[in-house]
Amino acid sequence: MSATLSTPSSGQPAVARPLTARVARYRTAYLWLIPTFALLLVFNYYPALSALYHSLFQWNGANIKLFVGVNHFVDLWHDPLWWESFTHLIILTVALVAINLTFPLGAAAMIFHLWNLRAAYFYRVLLVVPMVVPGLVILMIWMFIYSPNIGLLNQSLALLGLENLQRFWLGDFKLALYAIIFVGFPWVAGIGTLIYLAGFQAIPSELMDSAVIDGASTWQRLAFVELPMVLSQIKLVVILTVITAFQNFTIVLVMTNGGPGTKTLVPGLHLYKAAMAYNRMGYACAIGTVLFFLTLVLTYLNHRYLRSSVEFTGS
């Protein structure tokens, strides 16, 4: 006979309560959680399961619903637009991950090392202010910057005597995708910088003091003390970046609509056009299902292999 023991604050061992007893004890808290989980099931899990179900049908979203099994996934495998859009997605994802692992991290580290607390607070406010600007407004500003005739970029090149470098940036078959990647430069105003900054501020002061006493330079403290301690935040930013890159197609829809030709087409926009322009809801659900499982796998790999020195797992 064995029993699971727990040690309360008094130091005396006690038999752990059964699950039903614990639920009954905290029933009020569980009751308050019911609306949250109900909304989560209705608006998050049900659409995902519905998409998986309807990916097996030739469906127009209304009255046509013919079971076709995995034919949509077979068609997707042989769809050249899917593979082209997926290639663009890989390029965008790699670029965004690289950007979010460098510029916001560097900005957060510099703010963290400021001795003047007022200046640090001021810079934090400057990072938050752009977040209240609607994303569509920011995209319209960048479309103006890229405008071939009156755009800030081409006009600046002309002032510098570099007319030969002027381009129709969003209409250039070779540069359009990279022009989209460049949107948001210098990429420091956002939630990523604040997440990194919170991680830096959570580092125990005793650890930093020990590194200083041992004679570690600023760069050595950053490389061997600070970065390992913010690996949890790095993991979170990588996960959020990958999910955002796989799901978001607004920037492409607004700025290029997948053009010129299909040079900036991404799977999310391919899904949108299949559903809204060609009325192929079942095929669109198949695209969404594939994107969901790819995102799930990448999130698991990131969680499995990227671990912080302050993360512990029980036996």
Side-chain angles (χ1 to χ4, degrees), residues 81 84-114 116 119-120 122-194 196-197 218-219 222 237-238 241 244-245 248-266 268-270:
L81 285 180
E84 183 179 8
S85 66
F86 188 72
T87 302
H88 299 158
L89 177 63
I90 296 300
I91 295 173
L92 288 171
T93 302
V94 171
L96 290 176
V97 169
I99 288 170
N100 287 333
L101 288 179
T102 51
F103 290 87
L105 184 61
M110 287 188 286
I111 295 174
F112 173 68
H113 285 95
L114 287 175
N116 190 322
F122 173 73
Y123 285 120
R124 288 202 303 269
V125 172
L126 287 183
L127 292 174
V128 172
V129 169
M131 295 172 60
V132 305
V133 179
L136 186 60
V137 174
I138 296 176
L139 295 182
M140 297 302 291
I141 292 174
W142 276 92
M143 288 182 69
F144 168 74
I145 292 174
Y146 285 137
S147 176
N149 299 320
I150 60 173
L152 178 63
L153 183 54
N154 277 350
Q155 291 298 316
S156 299
L157 291 173
L159 289 175
L160 295 173
L162 301 174
E163 290 87 352
N164 60 313
L165 296 180
Q166 292 179 332
R167 296 288 188 276
F168 186 11
W169 300 99
L170 295 177
D172 192 302
F173 281 77
K174 295 181 179 180
L175 297 177
L177 187 64
Y178 301 100
I180 289 177
I181 293 174
F182 202 77
V183 169
F185 180 84
W187 309 294
V188 296
I191 193 67
T193 304
L194 298 179
Y196 288 135
L197 185 57
T218 301
W219 290 107
L222 177 64
V237 170
V238 170
T241 302
T244 301
N248 185 28
F249 64 92
T250 305
I251 182 174
V252 176
L253 177 64
V254 172
M255 300 190 72
T256 64
N257 196 29
T262 56
K263 292 301 180 180
T264 58
L265 184 68
V266 292
L269 183 58
H270 188 31

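Separating the CD1 atom in Ile180 from the CG atom in Leu170 is a distance of 6.5 Å, to the nearest 0.5 Å. Once rounded to the nearest 0.5 Å, the distance linking CG of Leu89 with CG of Leu269 reads 12.0 Å. Taking CE of Met143 as the start and CD1 of Ile138 as the end, the distance is 14.5 Å to the nearest 0.5 Å. For the atom pair CG (Leu177) and NZ (Lys263), the distance works out to 10.0 Å, reported to the nearest 0.5 Å. Between the CG atom of Leu81 and the CZ atom of Phe86 there is a distance of 15.0 Å, given to the nearest 0.5 Å.
Contacts of Thr93 classified as side chain to side chain donor-acceptor pair (under 3.5 Å), with partners at least two apart in sequence or in another chain: none. For Thr262, the side chain to side chain donor-acceptor pair (under 3.5 Å) partners are Glu84, not counting sequence neighbours. A search for side chain to side chain donor-acceptor pair (under 3.5 Å) contacts involving His88 returns nothing, not counting sequence neighbours. Among residues two or more places apart in sequence or in another chain, the side chain to side chain donor-acceptor pair (under 3.5 Å) test is passed with Thr264 by Thr256.
For residues 123-133, there are no side chain to side chain donor-acceptor pair (under 3.5 Å) pairs, not counting sequence neighbours. Residue pairs satisfying the side chain to side chain donor-acceptor pair (under 3.5 Å) criterion with at least one member in residues 154-169, sequence neighbours excluded, are listed as follows: Asn154-Trp169.
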**Report entry** Evaluation steps, side-chain contact (heavy atoms from CB on, under 4.5 Å), between Leu105 and Leu101
**Finding:** CA-CA 6 Å; Leu105 184 61; Leu101 288 179; 5.8 Å; no
Practice prompt. Might you work through the ring pair (Phe, Tyr, Trp, His ring centres under 6.0 Å) test for Phe185 and Trp187, ending with a clear yes or no?
Written response: CA-CA 5 Å; Phe185 180 84; Trp187 309 294; 5.0 Å; yes
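A donor-acceptor pair is defined here as one N or O able to donate and one able to accept, closer than 3.5 Å; such a pair exists between the side chain of Asp172 and the backbone of Lys174. A donor-acceptor pair is defined here as one N or O able to donate and one able to accept, closer than 3.5 Å; no such pair exists between the side chain of Thr244 and the backbone of Thr241. The main-chain N or O of Val266 is never found under 3.5 Å from a side-chain atom of His270 such that the two would form a donor-acceptor pair. Formation of a donor-acceptor pair under 3.5 Å by the Tyr146 side chain with backbone atoms of Phe168 is not found in this model.
Between Phe112 and Tyr196, the closest side-chain pair of non-hydrogen atoms is not below 4.5 Å. Here the side chains of Ile111 and Leu127 are in contact, with some heavy-atom distance below 4.5 Å. The shortest side-chain heavy-atom distance between Leu265 and Val252 does not fall under the 4.5 Å cut-off.
Across Gly171 and Pro260, no two heavy atoms sit closer than the pair O-CG, 3.5 Å. Between Val188 and Pro104, the shortest heavy-atom distance links the atoms CG1-N, 4.4 Å.
Remark: the Thr250 side chain and the Asn248 side chain contain an N/O donor-acceptor pair separated by less than 3.5 Å.
Around the CE atom of Met131, the shell of radius 6.0 Å holds more than 12 heavy atoms that belong to other residues, nucleotides or ligands.
Screening Leu96, Leu92, Ile251, Val94 for a side chain to side chain contact (heavy atoms under 4.5 Å, CB included) involving Ile181 leaves a single residue, Leu92.
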